[in-house]
Amino acid sequence: MRVLPETIGTIYDIGYRSYDGPRLGRRGAIAAIVAAGLRAVFGLGRSGRSKILPWGAIVLAVMPAVVAVAIRVLVGDLIDLYSYENYLWSIGALLPIFVASQAPELVVNDMRHRVLPLYFSRPIGRVDYVGAKLVALTLALLGLTLLPVLILFTGRILAAEDLVAAVGDEMGALPGIVGSGVLHAGVLAALGLAVCSLAGRRAYAAGAVLAVFLIGGVVSGTFQAQGRGLEWIAPFLNPLSILDGARQWLFGGTVAESPVTSADLPLATYGLAAAIMLGVSLAILALRYRRVTT
Amino acid sequence: MPLISTRALTKRYSGGVIALDGLSLELEADVIGLVGANGAGKSTLIRILLGLLEPTDGDASVLDLDTATQGAAIRELVGYMPEHDCLPPDVSATEFVAHMARVSGLPSGAARERTADVLRHVGLYEERYRPIGGYSTGMKQRVKLAQALVHDPRVLFLDEPTNGLDPAGRDEMLALIERIGREFGIAVIVASHLLGEIERVATWLVAIDAGRLLRTAPLASFTERTGQLLIETDEPADGLAARLIARGIDARADGRIVVADLASGDASEFGIYDAVRDEAVALGLALVRLEHRRHQLEDLFRARGTDARVA
């Protein structure tokens with residue numbers, strides 16, 4: 001047996017080392033905030049408990065696509081449970097839950113614990129900070145608004161007997177799939193962060209986001225059902241139906257259950273409504289972060 | 001190239017509060033103490049120098065970079081430790097400091113490496129993997145310092161770094177600040193309302209009061225000899241002062257202490273010592289202390305008759 005020299009385990013104070021390596025400046029800073037934001041949203045590097053909700057939501061959002069693909073493989077195209085058009089409306093309930101539970105992680109603590117001065121004393125501005133948080137939440141939301149539909153899309157092609165013909169058939173839907181996914185993710189991220197930026201604690205922020213969607217959804221449902229010429233109000237009370245209308249306007253394809261169908265308004269109205277919703281959200285964020293004193 | 005220069009810097013907050021009032025400075029030193037009472041304008045000055053706050057009037061530069069137009073370039077080169085709490089409770093010190101390193105522009109590998117180094121320098125060891133929420137005030141102050149230091153800044157702005165620390169923690173923090181300024185080669189600007197602390201670490205002192213510059217000078221000149229002799233006796237010393245005055249020496253008594261002007265009278269400095277000795281013997285007084293009187297930092301604020309809460 002070899003005897004270890006005595007010096008093993010000694011800690012040397014090597015003194016202060018300066019840093020001469022690369023500095024990535026503003027771009028590096030923004031990338032770091034986006035990456036940290038994604039980690040926070042998906043609970044990476046955090047307890048198992050904080051992973052349940054985000055990953056659970058993704059699994060639930062993807063499940064219908066997987067099932068639909070499986071059915072197609074087994075019984076062919078006899079029944080189509082989900083189309084590219086109605087998928088996002090079908091998993092609609094998951095979106096507010098995801099935003100309500102995960103958006104507060106991104107912004108509330110930095111504001112509440114006054115971390116913002118530490119960010120703003122580094123090479124980024126307020127717009128960079130808010131923009132990076134928006135990108136992070138948008139990317140995370142694409143896991144619900146784009147990933148499942150892409151699985152459906154890929155599955156339909158792979159399940160087809162004539163692969164080449166299937167690619168030709170399905171490819172036309174791709175811009176609409178990506179566009180709808182980005183539209184939903186981007187607008188919901190802005191709306192969610194705007195609501196959260198006004199709340200003092202994560203729990204309040206989550207409650208406020210849920211309130212916006214649930215109250216809007218319930219009231220909207222009431223208007224949709226009463227049938228006394230006021231159906232046209234219904235879609236504008238629920239952010240998800242505004243987005244569905246905007247999606248129909250941009251990429252086509254109706255959803256039978258959506259209040260957009262019963263309201264029977266020009267679809268461009270929803271495009272305008274969605275733009276206003278996005279604009280107001282961004283304005284709230286801009287005002288809120290301009291007011292933060294450092 | 002001066003480290004920091006300001007010209008007629010003025011900051012008026014909405015509501016009419018004047019935080020800085022025509023402040024002009026040229027600074028160049030390893031550890032600069034910025035002293036003044038609470039509300040004197042120290043934090044406002046630091047925030048303007050960081051480019052976080054726009055001055056109402058005047059201009060300022062750090063490392064020859066203009067705060068109004070080159071704020072982002074300045075913020076790549078400086079570290080800032082605010083006075084207030086600024087740490088999220090649910091992440092560990094390692095995770096938080098590494099994140100802040102990356103927001104300063106360091107690549108992730110370098111960020112991790114320097115985080116480990118810096119946390120060791122500020123004296124955080126095993127506890128650095130636990131969430132910050134469970135830290136003591138002293139540990140939190142160390143994390144605040146670490147995040148300001150992690151990207152190897154050229155200049156470090158510390159706003160009341162010893163706030164809330166116990167005496168031992170205070171000593172350690174001051175020793176660390178001194179080491180950063182002297183050994184790490186990073187210029188430090190440390191704001192404090194505690195003169196006693198500034199005196200221990202700074203080589204240059206800037207005193208401000210109500211947003212105006214009181215004095216900017218090397219620390220030594222604040223405490224230099226006054227040209228006065230301080231004589232302490234064991235009994236009331238009015239008699240001694242009267243006898244010294246009779247010999248043509250400018251002296252005044254205050255209880256058991258006599259202050260004599262060394263430049264007065266026709267005698268040399270040693271002649272005054274002789275006179276003090278002889279008159280003390282004649283009066284049967286015992287001399288307790290005989291020394292050159294030095295300026296005290298407190299005089300600076302006292303002289304202006306301001307209610308500076310300085311210790």
Side-chain angles (χ1 to χ4, degrees), chain A residues 11-37 39-40 43-47 49-50 104-129 132 201-202 290-294, chain B residues 46-47 50-53 71-92 95-96 98-111 113-114 117-118 120-121 131-133 144 147-154 157 159 179-180 183-186:
Chain A
I11 296 169
Y12 296 98
D13 185 359
I14 48 173
Y16 183 76
R17 287 188 292 178
S18 58
Y19 177 74
D20 305 315
R23 289 180 190 263
L24 309 177
R26 179 166 161 250
R27 279 160 176 264
I30 293 172
I33 298 173
V34 172
R39 286 173 59 83
L44 303 177
R46 287 165 175 74
S47 66
R49 221 179 31 179
S50 47
E105 297 291 328
L106 287 171
V107 288
V108 175
N109 266 354
D110 284 353
M111 191 100 75
R112 177 168 180 222
H113 298 288
R114 303 180 72 186
V115 192
L116 289 173
L118 300 188
Y119 281 98
F120 299 151
S121 60
R122 292 180 149 79
I124 55 157
R126 294 165 192 232
V127 174
D128 297 329
Y129 172 87
R201 287 163 183 266
R202 278 180 293 183
R290 192 188 297 166
R291 275 187 45 209
V292 172
T293 49
T294 45
Chain B
I46 289 179
R47 274 156 38 202
L50 285 166
L52 290 176
L53 203 63
I74 292 174
R75 293 196 296 269
E76 272 190 48
L77 301 172
V78 302
Y80 172 46
M81 173 178 174
E83 179 181 5
H84 55 76
D85 288 338
C86 55
L87 304 172
D90 53 352
V91 294
S92 69
E95 197 182 337
F96 181 69
H99 175 56
M100 282 299 148
R102 295 197 57 197
V103 177
S104 285
L106 267 58
S108 64
E113 213 171 285
R114 283 201 55 88
D117 269 13
V118 164
R120 193 167 44 85
H121 280 302
I132 295 170
K144 280 166 65 178
Q147 66 77 30
L149 201 55
V150 69
H151 51 294
D152 189 25
R154 300 258 306 275
F157 290 96
D159 199 352
R179 218 179 135 215
I180 292 167
E183 281 176 41
F184 296 10
I186 298 169

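Here is the naming used below: chain letters follow the sequence lines, and residue numbers restart at 1 for every chain.
- Remark: B:Leu77 engages B:Leu63, B:Leu65, B:Arg154 in a side chain to side chain contact (heavy atoms under 4.5 Å, CB included) (not counting sequence neighbours).
- If you tally non-hydrogen atom pairs under 4.5 Å between each of A:Ala132, A:Gly21, A:Ala29 and chain B, the highest count goes to A:Ala29.
- Here the side chains of B:Pro82 and A:Arg114 are not in contact, with every heavy-atom distance at 4.5 Å or above.
- The candidate from B:Met100, B:Arg102, B:His99, B:Glu76 with the greatest count of non-hydrogen atom pairs under 4.5 Å with chain A is B:Met100.
- With chain A as the partner, the residue from B:Pro153, B:Ala72, B:Ser108, B:Ser104 showing the most heavy-atom pairs under 4.5 Å is B:Ser104.
- Interface summary for chain A: among B:Glu95, B:His151, B:Glu113, the most heavy-atom pairs under 4.5 angstrom belong to B:His151.
- Looking only at heavy-atom pairs under 4.5 Å with chain A, the residue among B:Ile180, B:Val91, B:Leu87 that has the most is B:Leu87.
- Of all non-hydrogen atoms in B:Arg75 and A:Ile124, the two that sit nearest each other are NH2-O, 3.8 Å.
- Across every non-hydrogen atom of A:Pro22 and B:Pro107, the tightest pair is O-CD, 3.4 Å.
- A:Tyr16 is not listed as a side-chain neighbour of B:Glu183, based on a closest heavy-atom distance of 4.5 Å or more.
- Atoms CZ and CG, on A:Arg126 and B:Leu52 in that order, are 7.5 Å from each other to the nearest 0.5 Å.
- If you tally non-hydrogen atom pairs under 4.5 Å between each of A:Pro123, A:Gly28, A:Gly25, A:Ser18 and chain B, the highest count goes to A:Pro123.
- Listed for the A:Arg122 side chain is no donor-acceptor partner under 3.5 Å among the backbone atoms of B:Gly105.
- From B:Ile46, atom CD1 reaches atom OG of A:Ser121 across 11.5 Å, with rounding to the nearest 0.5 Å.
- No more than 12 heavy-atom neighbours from other residues, nucleotides or ligands sit within 6.0 angstrom of CZ on A:Arg26.
- Most heavy-atom pairs under 4.5 Å with chain B, from the set A:Arg27, A:Arg112, A:Arg46, A:His113: that is A:His113.
- Residue B:Ile74 does not touch chain A at all, counting heavy-atom pairs closer than 4.5 Å.
- Side chains of B:Phe96 and A:Leu118 form a contact here, defined as non-hydrogen atoms less than 4.5 Å apart.
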